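All figures in this text were calculated on a predicted structure; none of them were measured in a lab. We count ligands from 1, going down the list as the structure has it; atoms in each ligand are counted the same way. Here, residue 1 is the first one in the sequence, and each next residue gets the next number.
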Amino acid sequence: MRIDLHTHTRASDGTQTAEELVRAAAAQGLDVLGLTDHDTTEAWTAAARIATEVGITLVRGIEISTRHLGRGAHLLAYLPDPTYPPLVTHLRKILDGRNSRVPAMLERLRGAGVDVDIADVRRAAEGTAATGRPHVADALVALGVVRDRSTAFRRYLNPGRPAYVNRYAAPLADMVRIVDEAGGVSVLAHPWGRHGPDSMPERSISELAGLGLAGIEVDHQDHRLDDREQLRAIARGLGLVVTGSSDHHGLGKHDHDLGCHTTAPEDYERLLELAASASARSGRPTPEVIGP
Ligand code: AMP
Ligand code: ZN
Ligand code: FE
Ligand code: FE
């Protein structure tokens with residue numbers, strides 16, 4: 001069984017449509033695909049249709065932008081009721097924040113001597129519901145300012161670089177609770193990938209586990225090998241599920257090929273059991289796992 005629980009489409013900042021992603025996952029021989037666009041469920045319906053057609057198992061989710069200890073933290077939410085009002089409200093606020101910061105980023109780029117028109121970003125972001133820094137990066141690539149997305153982040157878009165602009169993100173602990181109330185399960189996405197252990201100390205993970213956090217994404221390309229082993233030990237100690245996934249973005253991220261990291265079947269089964277009990281508790285109409 002090959003299980004990849006974290007991928008993106010063009011509904012956020014991947015480069016594939018839902019149809020292309022699901023077909024690619026089946027062609028790669030994946031058995032289970034998790035679809036987790038940033039802050040949107042826009043690709044869910046199309047992905048479900050194609051998954052049924054090609055006979056792959058599809059777990060629908062969202063990678064939610066949250067904040068913890070003053071820094072951005074990503075939370076994978078699997079199988080929540082996407083109509084649960086507090087979830088809808090937060091996602092709306094995040095998406096509004098994403099859109100309203102684009103002009104501010106362009107203003108700062110101009111200050112750094114780089115002229116990008118909002119139309120350039122719109123073109124790069126066609127089809128997305130969650131405009132982000134990756135689309136500003138794509139516009140910079142299209143204009144020949146930088147070679148690729150990574151260079152754009154390094155030079156302009158990362159915190160501390162000239163064009164970085166903050167945006168709204170929900171407090172992490174609140175979001176763990178909301179996902180649970182929505183009948184879904186939450187997993188910390190690449191907790192040490194961006195800023196290392198200080199940004200998500202064991203103490204925090206333990207508190208979140210008390211609020212209903214289900215798991216930790218341990219096997220992820222952005223984690224150092226020794227950090228993976230330490231996170232695995234933390235997860236086991238707290239009784240949390242361990243996941244592994246590609247965080248595939250199509251051509252939008254190098255070294256994140258579909259299936260490059262996978263989740264063990266036992267952990268996957270446990271995650272589904274936890275989702276089933278959350279939805280039984282909440283009584284909310286949660287999405288089914290699409291099965292072959
Ligand atoms: P945003 O949500 O607009 O703040 O953008 C964050 C997203 O940008 C992340 O989830 C990644 O998908 C992408 N990203 C962050 N850093 C890089 C990088 N160095 N190269 C390519 N994509 C990146
Ligand atoms: Zn992304
Ligand atoms: Fe992420
Ligand atoms: Fe991601």
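Although no hydrogens or angles enter the test, the distance criterion places no donor-acceptor pair under 3.5 Å between the side chain of D222 and the main chain of G193. Without hydrogens or angle criteria, H256 side chain to Q221 main chain gives no donor-acceptor distance under 3.5 Å. Although no hydrogens or angles enter the test, the distance criterion places a donor-acceptor pair under 3.5 Å between the side chain of W192 and the main chain of M200. Judged by distance alone, with hydrogens and angles left aside, the side-chain atoms of T66 form no donor-acceptor pair with the main-chain N or O of P171 at under 3.5 Å.
Less than 2.8 Å away from the Zn ion (ligand 2), the protein contributes these N/O/S atoms: D13 OD1, D13 OD2, H38 NE2, H249 NE2.
Taking the six-membered ring where tryptophan is involved, the planes of H6 and H190 are essentially parallel, since the angle between them stays under 30° and well short of 60°.
Each of Q28, K253, Q16 was compared with H248 under the side-chain hydrogen bond (donor to acceptor under 3.5 Å, both in side chains) criterion, and only Q16 meets it.
By the 4.0 Å N-to-carboxylate-O rule, R23 lies too far from E20 to be salt-bridged with it. By the 4.0 Å N-to-carboxylate-O rule, D117 lies too far from R122 to be salt-bridged with it. D267 has a carboxylate O that lies under 4.0 Å from a charged side-chain N of R236, or vice versa, which qualifies the two as a salt bridge.
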For ligand 1, what N or O to protein N or O distances fall under 3.5 Å?
residue: ligand 1; atom: 2 (O); partner: R98; partner atom: NH1; Å: 3.1
residue: ligand 1; atom: 2 (O); partner: R98; partner atom: NH2; Å: 2.7
residue: ligand 1; atom: 2 (O); partner: R167; partner atom: NH2; Å: 2.9
residue: ligand 1; atom: 3 (O); partner: R98; partner atom: NH1; Å: 3.2
residue: ligand 1; atom: 3 (O); partner: R101; partner atom: NH2; Å: 2.3
residue: ligand 1; atom: 3 (O); partner: R133; partner atom: N; Å: 2.8
residue: ligand 1; atom: 4 (O); partner: R101; partner atom: NH2; Å: 3.1
residue: ligand 1; atom: 4 (O); partner: R133; partner atom: NE; Å: 2.9
residue: ligand 1; atom: 4 (O); partner: R133; partner atom: NH2; Å: 3.0
residue: ligand 1; atom: 4 (O); partner: R167; partner atom: NH2; Å: 3.2
residue: ligand 1; atom: 10 (O); partner: H38; partner atom: NE2; Å: 3.1
residue: ligand 1; atom: 12 (O); partner: D13; partner atom: OD2; Å: 2.9
residue: ligand 1; atom: 12 (O); partner: H249; partner atom: NE2; Å: 3.0

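Here F153 contributes atom CZ and R133 contributes atom CZ; the two are 4.5 Å apart, rounded to the nearest 0.5 Å.
A search for side-chain hydrogen bond (donor to acceptor under 3.5 Å, both in side chains) contacts involving T83 returns D81, not counting sequence neighbours.
In this structure, E229 places its CD atom where more than 12 heavy-atom neighbours from other residues, nucleotides or ligands lie under 6.0 Å away.
Tally of protein N, O or S atoms closer to the Fe ion (ligand 4) than 2.8 Å: 4.
L69 and I216 are assigned to two separate hydrophobic clusters, defined by single-linkage of ILVMFWY side chains at heavy-atom distances under 4.5 Å.
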